[in-house]
Amino acid sequence: MGHTATEQAGSGGLTATEHRLANGLRVVLSEDHLTPVAAVCLWYDVGSRHEVKGRTGLAHLFEHLMFQGSAQVKGNGHFELVQGAGGSLNGTTSFERTNYFETMPAHELELALWLEADRMGSLLTALDDESMENQRDVVKNERRQRYDNVPYGTAFEKLTAMAYPEGHPYHHTPIGSMADLDAASLEDARAFFRTYYAPNNAVLSIVGDIDSAQTLAWVEKYFGSIPSHDGKQPPRDGTLPDNIGGELREVVEEDVPSRALMAAYRLPHDGTREADAADLALTVLGGGESSRLYNRLVRRDRSAVAAGFGLLRLAGAPSLGWLDVKTSGGVEVPDIERAVDEELARFAAEGPTPEEMERAQAQLEREWLDRLATVSGRADELCRFAVLFGDPQLALTAVQRVLDVTSEEVQAVAKARLRPDNRAVLVYEPTEPTDAADTEEGEADQ
């Protein structure tokens, strides 16, 4: 078991050590004795980008199956044991990874490590048709509740499919399609687990009131005997041109509360200085109630009730700048779009003011420090930088990298990328009531 330990410049005094077990599991430890809690975060290097056509949604389905029981922990036991010990837990799936995490009272850390190791090493012994059908139904119901049956629920799915062409690994979202969820077999799930849920495809970070030597001994005890697996294929190439090359547009008529303009702009890959510059640009333009778009559309013109612009950071494909504007009253979308384009063109021509730059950097700095200040947030970021960029230490210096970006760099990325020919646009138009009865029902529902 080897390790490295470094205190990076600009890390604010935070430190992390990295270790590797013989089976390939990477372990990152960061001691923080401020409060008697410990966070365990386990990232597997598998997300929806690793899926193939006809079997979308498997990564997310497996996130649910990991809570369905393992060799020593039956049924809902993982939740029961963690919550019974005073801890909290969950798991999430994205394009690029699947993660599982617990925050525990420090004296219950060993329990969390044992639980994670048990399901990494023995889930297949508990995976059967009953658990598969149970969690398949849970995921399908989640899709109905979060995507199919809520206003604007399919916007993310539609814009992603537009921004990334057919056949691209990011063309589909992690939730998967109903048809593919129905088609997934028990053997598909078992093969998926054997391929991706191996120690040499994972990073385990542990942050908080821990004793590093004891923690490493527990990790070796519970994870060390789990065999590695070498069958994983690298994800398909997500490279695309910097610009889409022409505006893509779709109009959706649905039962939504108001008209909406949404757009996705193709932006630099995460982990680059240009991505940090893009983040600052979008913060000036649409990051909160002091932003340019909010001031223009909501405060001044009163043509919108909400206006935001944020960055979806992606490492294996171009990131996306996410614009979301909900109109007010009878305002038409072309009026909103005209105002948005005016603000983007002005920003590209002039760049941010010194005051805007200072405010945006302070806003992103606060968000980063909020993440790193909690044991769970720091554990997650250490895993993220280890899995996606190969170096967990980068998490501790991310704030300084944002503060080093210049206003000229912010202006340059806006000028190059925030253009009408580099976006996918989604316009929502409310469906018109068909008769007086529909009108009365709609009014009663509001």
Side-chain angles (χ1 to χ4, degrees), residues 6-16 28 30 32 41 94 96-97 205 207 242 264-294 308-323 344 347-348 350-418:
T6 316
E7 181 173 332
Q8 297 287 333
S11 67
L14 300 177
T15 61
V28 184
S30 180
D32 183 345
C41 186
S94 77
E96 300 180 323
R97 59 95 185 110
S205 68
V207 177
D242 286 351
Y265 293 77
R266 193 177 289 176
L267 293 176
H269 290 238
D270 192 16
T272 63
R273 191 177 176 97
E274 293 78 11
D276 289 334
D279 206 352
L280 287 164
L282 300 189
T283 301
V284 172
L285 287 163
E289 296 184 4
S290 62
S291 65
R292 289 195 182 193
L293 290 176
Y294 192 94
F309 211 172
L311 181 64
L312 173 63
R313 289 178 174 265
L314 295 169
S319 301
L320 291 182
W322 205 266
L323 175 71
L344 296 188
F347 188 77
E350 302 172 1
T353 67
E355 293 78 13
E356 286 176 327
M357 192 70 182
E358 181 180 2
R359 186 167 59 242
Q361 286 179 314
Q363 187 172 330
L364 293 186
E365 180 182 23
R366 188 200 70 240
E367 291 172 3
W368 264 110
L369 293 177
D370 284 347
R371 289 281 290 161
L372 296 179
T374 67
V375 293
S376 58
R378 197 185 319 161
D380 193 55
E381 292 299 338
L382 289 168
C383 276
R384 181 167 82 92
F385 280 94
V387 169
L388 299 181
F389 308 111
D391 185 2
Q393 303 290 344
L394 291 171
L396 306 183
T397 55
V399 171
Q400 190 57 50
R401 290 194 296 277
V402 170
L403 298 180
D404 287 343
V405 174
T406 66
S407 58
E408 290 78 14
E409 290 173 298
V410 172
Q411 181 182 1
V413 75
K415 186 175 182 179
R417 302 296 193 102
L418 301 181

For the backbone of A16 and the side chain of Q393, can you confirm whether one donor and one acceptor N or O come within less than 3.5 Å of each other? yes
Single hit among L311, L285, V413, L364 for side chain to side chain contact (heavy atoms under 4.5 Å, CB included) with L280: L364
Examine the side chains of T397 and Q400 and answer whether a donor and an acceptor come within less than 3.5 Å of each other. no
Measure across F385 and A398 and return the closest heavy-atom pair with its distance rounded to 0.1 Å. CZ-CB, 4.4 Å
Are any of the side-chain heavy atoms of E356 and R359 separated by less than 4.5 Å? yes
Distance-only, no hydrogens or angles: does the E96 side chain make a donor-acceptor pair with backbone N or O of L388 under 3.5 Å? no
Let me see the working for E381 and W368 under side-chain contact (heavy atoms from CB on, under 4.5 Å), right down to the final yes or no. CA-CA 10 Å; E381 292 299 338; W368 264 110; 3.5 Å; yes
Correct closest heavy-atom pair for M357 and P352 would be SD-CG, 4.0 Å
Is the shortest heavy-atom distance from the side chain of V28 to the side chain of C383 under 4.5 Å? no
Are F309 and Y265 close enough that their ring centres sit under 6.0 Å apart? yes
In short, Y294 meets G288 closest at the heavy-atom pair CB-O, 3.5 Å
Heavy-atom closest pair, residues S319 and P268: OG-O, 2.8 Å
Does any part of the side chain of L323, heavy atoms only, come nearer than 4.5 Å to the side chain of L293, both counted from C-beta? yes
Under 3.5 Å, is there a donor-acceptor pair between the side chain of R266 and the main chain of L320? no
Polar side-chain atom of S205 near backbone of L382 as donor-acceptor pair, under 3.5 Å: no
Would R378 and T374 count as having a side-chain donor-acceptor pair, cut-off 3.5 Å? no
Ignoring hydrogens and angles, tell me if any N or O in the side chain of Q361 forms a donor-acceptor pair with the backbone of L403 under 3.5 Å. yes
Audit row: E274, L267, side-chain contact (heavy atoms from CB on, under 4.5 Å) steps and yes/no: CA-CA 9 Å; E274 293 78 11; L267 293 176; over 6 Å; no
Would D380 and C41 count as a side-chain contact (heavy atoms from CB on, under 4.5 Å) if you check the C-alpha gap in whole Å, the side-chain angles of each, and the deciding distance to 0.1 Å? CA-CA 6 Å; D380 193 55; C41 186; 3.7 Å; yes
Using modelled atom types only, decide if a donor and an acceptor are shared between the side chain of S30 and the backbone of T15 within a distance under 3.5 Å. yes
Quick one: closest heavy-atom pair of V399 and E365, and the distance? CG1-CG, 3.6 Å
Measure the shortest side-chain to side-chain distance between V405 and V410 over non-hydrogen atoms and say whether it is less than 4.5 angstrom. yes
Please check: side-chain N/O of R313 versus main-chain N/O of D279, any donor-acceptor pairing under 3.5 Å? no
Atom pair CZ/CZ of R371 and R366 - distance to nearest 0.5 Å: 14.0 Å
Starting from the C-alpha separation in whole Å, work towards a yes-or-no answer on side-chain contact (heavy atoms from CB on, under 4.5 Å) for L394 and R401. CA-CA 10 Å; L394 291 171; R401 290 194 296 277; 3.8 Å; yes
Give me the atom names and distance for the closest heavy-atom approach of D270 to F389. O-CE2, 3.4 Å
Rounded distance (nearest 0.5 Å) linking atom CG of D276 with atom CG of D404: 9.5 Å
